[in-house]
Amino acid sequence: QVQLVESGGGLVQAGGFLRLTCTVSGHTFGAYAMGWFRQAPGKEREFVAAIGWSGGTTIHSNSVKGRFTISRDNAKNTVYLQMNSLKPEDTAVYYCALDPGFALGKRVNDYDYWGQGTQVTVSS
């Protein structure tokens, strides 16, 4: 049974930083892409970033480009989201997701497995 567990969320002031961690267990895939999404109250879940298996290919949404960085450590089955220069509009529940394929999708339906989410709150 594939499990994704996020951690690292919390309350931070605008301009601050957080690092989210997502640990994957129970999978039998040889390789997989990973993504981060977020969902604010009353809004749809939106794409934040994605990374390929080797870590050499990444994509970030325009709203976080230059502030957030996705990375991974395959030896630890872990993906990270370093979030710098946080803004109040970054407040949301952040989810990691796994795609057993190799495409770096930006849609919710591109991913087959999801974590339970971690709350990030940025105060002004």
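Counting heavy atoms from C-beta outward, Met34 and Trp53 have side chains that stay 4.5 Å or more apart. Under the 4.5 Å side-chain criterion, counting only non-hydrogen atoms from C-beta, Leu81 is in contact with Met83. Contact of the Gln3 side chain with the His27 side chain is not registered, since no non-hydrogen atoms from C-beta on lie closer than 4.5 Å. Inter-residue side-chain proximity for Glu46 and Ser61 is flagged as unmet; no heavy-atom pair is nearer than 4.5 Å. No side-chain heavy atom of Leu4 sits under 4.5 Å from any side-chain heavy atom of Trp114. Side-chain contact check for Leu104 versus Ile51: every heavy-atom pair is 4.5 Å or farther apart. At a threshold of 4.5 Å between non-hydrogen side-chain atoms, the residues Tyr32 and Tyr113 do not count as touching.
No donor-acceptor distance shorter than 3.5 angstrom exists from the side chain of Thr91 to the backbone of Glu89, with no hydrogens or angles considered. No donor-acceptor pair under 3.5 Å is formed between the side chain of Glu6 and the backbone N or O of Thr21.
Hydrophobic cluster membership differs between Val120 and Val93, with clusters built from Ile, Leu, Val, Met, Phe, Trp and Tyr side chains linked at under 4.5 angstrom.
Here the shortest heavy-atom pairing between Ser124 and Ala14 reads CA-CB, 4.4 Å. Between Ala33 and Arg72, the shortest heavy-atom distance links the atoms CA-NH1, 4.1 Å. Looking at every heavy atom in both residues, Ser85 comes nearest to Asp90 through O-OD2, 4.4 Å. Of all heavy-atom pairs spanning Gly105 and Ala50, the tightest one is O-CB, 4.2 Å.
Judged by a 6.0 Å distance limit and a 45° cone about the ring axis, Arg45 is not positioned over the six-membered ring of Tyr111. A cation-pi arrangement is absent between Arg38 and Tyr94, since the terminal nitrogen or guanidinium carbon is not both under 6.0 Å from the aromatic centre and inside a 45° cone about the axis.
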**Request:** Please report the C-alpha distance between Val108 and Phe47 in whole Å, then the side-chain angles of each, then the deciding distance to 0.1 Å, and finally whether the side chain to side chain contact (heavy atoms under 4.5 Å, CB included) criterion is met.
**Result:** CA-CA 8 Å; Val108 170; Phe47 171 78; over 6 Å; no
**Item:** Working for side chain to side chain contact (heavy atoms under 4.5 Å, CB included), residues Arg67 and His60
**Value:** CA-CA 10 Å; Arg67 300 187 299 122; His60 297 78; over 6 Å; no
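With 3.5 Å as the limit, one finds a donor-acceptor pair spanning the side chains of Thr121 and Gln119.
If you take CZ on Arg19 and OG on Ser7, they are separated by 9.0 Å, rounding to the nearest 0.5 Å. To the nearest 0.5 Å, atoms OG (Ser54) and CG (Asn74) are separated by 8.5 Å.
Screening Val48, Asn84, Leu18 for a side-chain contact (heavy atoms from CB on, under 4.5 Å) involving Phe68 leaves a single residue, Val48. When Thr58, Leu20, Val64, Ile59 are each tested for a side-chain contact (heavy atoms from CB on, under 4.5 Å) with Ile70, only one passes: Thr58.
The six-membered or imidazole ring of Tyr95 lies away from that of Trp36, with a centre-to-centre distance of 6.0 Å or more.
Using a cutoff of 4.0 Å between basic side-chain nitrogens and carboxylate oxygens, Asp110 and Arg107 are scored as salt-bridged.
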